[in-house]
Amino acid sequence: MELLEKRIQRDGIVKAGNVLKVDGFLNHQMDIVLFNEMGKEFKRLFADRPVNKILTIEASGIGIACVAAQYFHVPVVFAKKAQSVNIDGEVYHTRIESFTHKRVYDVIVSRKYLGPEDHVLIIDDFLANGCAVNGLLDLTERAGAAVEGIGIAIEKGQQAGGKLLRGRGYRVESLAIIESMDEKTGEIRFRR
Ligand code: 5GP
């Protein structure tokens, strides 16, 4: 998606450890006009899929998922990072290792909001090694829900997540795929 690539080129900052900072329009301040175009694009890409729910994870996925949901006319469920988990049968639970924070989170979704009747589109801001998406896939599997696709704003193509997920047969659509980024020069190249 050209609009997103241009914005990454303009405002993205390459940090040490293969991290792209996009706080100016996606991860802290959010450009809703851009989000709207992203939502429209997700709808175009998954128009053939019978999506009845969007699943994301707090915090950064929520804004993108909500704007996209207006095009799908479906509710958004976000997986919550729980401080302590009381596995009392009311929630599905999984564990996700955070790429940016280097720690493991317990993540839950209430059984009330995800079940075997659901056809889920997973949406997140970044795809790197795939831990976050794998956790969301685990939750949908526990719920017996069908995965209709995975929509990502920025995929870091130099990391393994996208390849692994596509290899497992999932339809992954990323609006921008980074081929390489250079911490020293700040240069960012996209896969086309
Ligand atoms: P993964 O779980 O695929 O390794 O990483 C994806 C998650 O880590 C996303 O939910 C995102 O929040 C965070 N993340 C991974 N790489 C980056 C990055 O380069 N920049 C930012 N801002 N977040 C990232």
Side-chain angles (χ1 to χ4, degrees), residues 1 4-31 34-35 38-39 42 54-69 76-82 93-109 120-141 147 149-191:
M1 186 184 171
L4 179 59
E5 288 183 4
K6 280 193 173 146
R7 193 60 183 271
I8 295 168
Q9 285 290 15
R10 200 185 83 183
D11 295 338
I13 300 165
V14 183
K15 294 280 190 188
N18 208 19
V19 171
L20 177 67
K21 271 254 178 206
V22 286
D23 279 6
F25 61 94
L26 200 143
N27 284 140
H28 193 14
Q29 174 168 262
M30 296 181 283
D31 182 337
L34 175 64
F35 278 26
M38 288 160 53
F42 281 132
I54 291 177
L55 178 67
T56 188
I57 177 163
E58 68 175 345
S60 299
I62 297 176
I64 302 165
C66 287
V67 177
V76 174
V77 175
F78 65 92
K80 291 189 175 202
K81 290 171 183 162
H93 165 244
T94 193
R95 307 197 86 204
I96 293 178
E97 187 178 344
S98 162
F99 177 80
T100 37
H101 299 119
K102 307 283 178 229
R103 57 163 285 195
V104 177
Y105 290 95
D106 288 295
V107 171
I108 56 158
V109 164
V120 173
L121 174 63
I122 290 174
I123 284 188
D124 203 8
D125 59 341
F126 272 89
L127 175 60
N129 293 322
C131 298
V133 169
N134 272 321
L136 295 175
L137 287 169
D138 187 32
L139 292 170
T140 49
E141 196 175 305
V147 177
I150 300 164
I152 301 291
I154 306 173
E155 176 177 339
K156 293 192 292 181
Q158 70 277 41
Q159 290 180 256
K163 198 173 174 195
L164 290 172
L165 291 166
R166 291 182 182 98
R168 283 163 62 193
Y170 291 107
R171 177 149 157 211
V172 183
E173 300 282 3
S174 301
L175 303 184
I177 304 182
I178 291 172
E179 182 68 46
S180 64
M181 49 189 205
D182 190 320
E183 187 189 322
K184 290 202 185 79
T185 62
E187 190 190 7
I188 301 167
R189 289 206 176 144
F190 294 97
R191 187 177 296 169

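All ligand and atom numbering here is 1-based and tracks the order in the structure. Given the structure is predicted, the values throughout are model-derived calculations rather than measurements.
Residue F99 has no N or O atom closer than 3.5 Å to an N or O atom of ligand 1. Checked by distance only, ligand 1 and F126 stay at 3.5 Å or farther apart across all their nitrogen or oxygen atoms. Inclusion of C131 in the set of residues having an N or O under 3.5 Å from an N or O of ligand 1 is warranted.
The closest donor-acceptor contact from the side chain of Q9 to the backbone of I188 lies under 3.5 Å. Between the Q159 side chain and the L127 main chain, no donor and acceptor come within less than 3.5 Å of each other. Looking at E183, its side chain never comes within 3.5 Å of a backbone N or O of V14 through a donor-acceptor pair. Listed for the K156 side chain is a donor-acceptor partner under 3.5 Å among the backbone atoms of N18.
Applying the 4.0 Å criterion to heavy atoms of N18 picks out, from ligand 1, the atoms 19 (O).
Among protein heavy atoms, atom 22 (N) of ligand 1 sits closest to N27 OD1, 2.9 Å. Counting protein heavy atoms only, atom 9 (C) of ligand 1 is closest to D125 OD1, 3.4 Å. Regarding atom 13 (C) of ligand 1, its nearest protein heavy-atom neighbour is T100 OG1, 3.9 Å. The protein heavy atom nearest to atom 4 (O) of ligand 1 is N129 N, 2.8 Å. In terms of protein heavy atoms, atom 10 (O) of ligand 1 is closest to D124 OD2, 2.9 Å.
Neither the backbone nor the side chain of N134 has a heavy atom within less than 4.0 Å of ligand 1. Of the heavy atoms in V22, none comes closer than 4.0 Å to ligand 1. Contacts between K156 and ligand 1, counted as non-hydrogen atom pairs separated by less than 4.0 Å, involve the side chain only.
Every heavy atom of S60 sits 4.0 Å or more from the atoms of ligand 1.
Rounded to the nearest 0.5 angstrom, D11 CG and F25 CZ are separated by 6.0 Å.
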